[in-house]
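Below you'll find the structure, written out as structure tokens, and then a few comments.
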Amino acid sequence: MIKTAREQELLGAIDPGKIPFHVAIIMDGNGRWAVEKGLSRHEGHRQGVETVRETVKNSSELGIKVLTLFAFSTENWKRPATEVSYLMSLPEKYFKSELPELMRNNVQVRLIGDREKLPRKVQKAVEEGSEKTKNNSGMILNFALNYGSRAEILMAVNRLINDTRDGKIKGGINEKTFSQYLYTSALPDPDLLIRTSGEMRISNFLLWQLAYSELWFTDVYWPDFSKVHLLEAVFDYQRRKRRFGKIQDSER
Ligand code: IPE
Ligand code: IPE
Ligand code: MG
């Protein structure tokens, strides 16, 4: 594919030694993208899957180690049944066509969210995707499906209560212990959060884990999010000063 001038420029300017380890994306704006083009919302979601394919490839090539994609929230069940049902048909299609490519790119698929309440066919598709890619050692592709951060926190609290009752936890609960009870237990917190479509909110996504993430927003709708936008986000990220509450030597 031909690289645009801006893409070339960004590729030259990005420091390969400082790629964010974990990038999380709120993939928003499929519906508006479609409606503005006179298409059905389904078309927006279909195109959104194409952007997922591209973004997975681009992220893995760039050296991102964990990519978490918000695909369906616990609140998205409130949408019309036809839209929910269309969205629930996508994981199966995605894995069917994408597995060979995921294998070629050494990508390991995982899922975060309440899988029990997902239709059986979705559970099966994601479980197969995870199972077949579990020995891949490249980028972790973490799909957030039926994910809600408040529900996740409550799940962790309830499990903690049970384990405390069973005597499995001695002493108090610290941040590290708490993190281990979340769906993301095995993963470091996101370094960079991207949200598309111009909305400036978190929408119940990774509330605990985003405590110190760098946030990057763009007006671009998810179906139009391309490599150049990913590079812009990473380039911007590399120019941020992450203080974690401290001050840097140069600021003393
Ligand atoms: C994101 O696009 C996909 C999901 C939330 C499932 P939307 O469907 O939210 O698109 P808009 O925000 O209505 O444009
Ligand atoms: C957030 O998008 C959820 C996903 C991207 C899956 P929404 O479109 O559901 O968010 P709100 O409703 O605008 O906050
Ligand atoms: Mg939306």
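Predicted model only: the values in this text are computed from it and were never measured. For ligands, and for the atoms within them, numbers begin at 1 and follow the listed sequence.
In this structure, the protein non-hydrogen atom closest to atom 14 (O) of ligand 2 is S203 OG, 2.6 Å. Scanning the protein for heavy atoms near atom 13 (O) of ligand 2, the closest one is R201 NH2, 2.8 Å. Protein heavy atom nearest atom 2 (O) of ligand 1, with residue, atom name and distance: N30 N, 3.1 Å. Remark: minimum distance from atom 6 (C) of ligand 1 to any protein heavy atom is reached at A71 O, 3.4 Å. Closest to atom 1 (C) of ligand 1 among all protein heavy atoms lies M27 O, 3.0 Å. Taking atom 9 (O) of ligand 2 as the reference point, the nearest protein heavy-atom neighbour is N76 ND2, 2.9 Å. Looking from atom 10 (O) of ligand 1 to the surrounding protein, the closest heavy atom is G31 N, 2.9 Å.
For ligand 1, the atoms closer than 4.0 angstrom to any heavy atom of R32 are 11 (P), 12 (O), 14 (O). Atoms of ligand 2 found under 4.0 Å from any heavy atom of F70, numbered from 1 in the order shown, are 3 (C), 4 (C), 5 (C), 6 (C). Each of the following atoms of ligand 2 lies closer than 4.0 Å to a heavy atom of F72: 6 (C). Short contacts between ligand 2 and I26, defined as distances under 4.0 Å to a heavy atom of the residue, involve ligand atoms 1 (C), 5 (C). For ligand 1, the atoms lying closer than 4.0 Å to a non-hydrogen atom of H45 are 3 (C), 8 (O).
Y147 places no side-chain N or O within 3.5 Å of a backbone atom of E152 that could act as its donor or acceptor partner. Listed for the S185 side chain is no donor-acceptor partner under 3.5 Å among the backbone atoms of Y181.
In this structure, a donor-acceptor pair under 3.5 Å is absent between the side chains of N58 and T55. For the residue pair N146 / W77, a side-chain donor-acceptor distance below 3.5 Å is found, with atom types taken as modelled.
When the heavy-atom distances from atom 8 (O) of ligand 2 to E199, K78, R79 are ranked, the shortest goes to R79.
In this structure, R239 forms a cation-pi arrangement with F235, its terminal cationic atom sitting closer than 6.0 Å to the ring centre and no more than 45° off the ring axis.
Annotation: the span from I140 atom CD1 to H22 atom NE2 amounts to 9.0 Å, rounded to 0.5 Å.
For the pair K37 and E43, the salt-bridge criterion is not met [side-chain N within less than 4.0 Å of a carboxylate O]. The pair R53-E98 meets the salt-bridge criterion, with a side-chain N (NZ, NE, NH1 or NH2) lying under 4.0 Å from an Asp/Glu carboxylate O.
With a heavy-atom cut-off of 4.0 Å, F205 does not touch ligand 2 at all.
Classified by interplanar angle (parallel below 30°, tilted 30° to 60°, perpendicular above 60°), the ring pair Y86/H42 is parallel.
For residue D28, an N/O/S atom approaches the Mg ion (ligand 3) to within less than 2.8 Å.
Residue contacts with ligand 1 include G29, since one of its heavy atoms falls under 4.0 Å from the ligand.
At least one side-chain heavy atom of T68 sits less than 4.5 Å from a side-chain heavy atom of F205.
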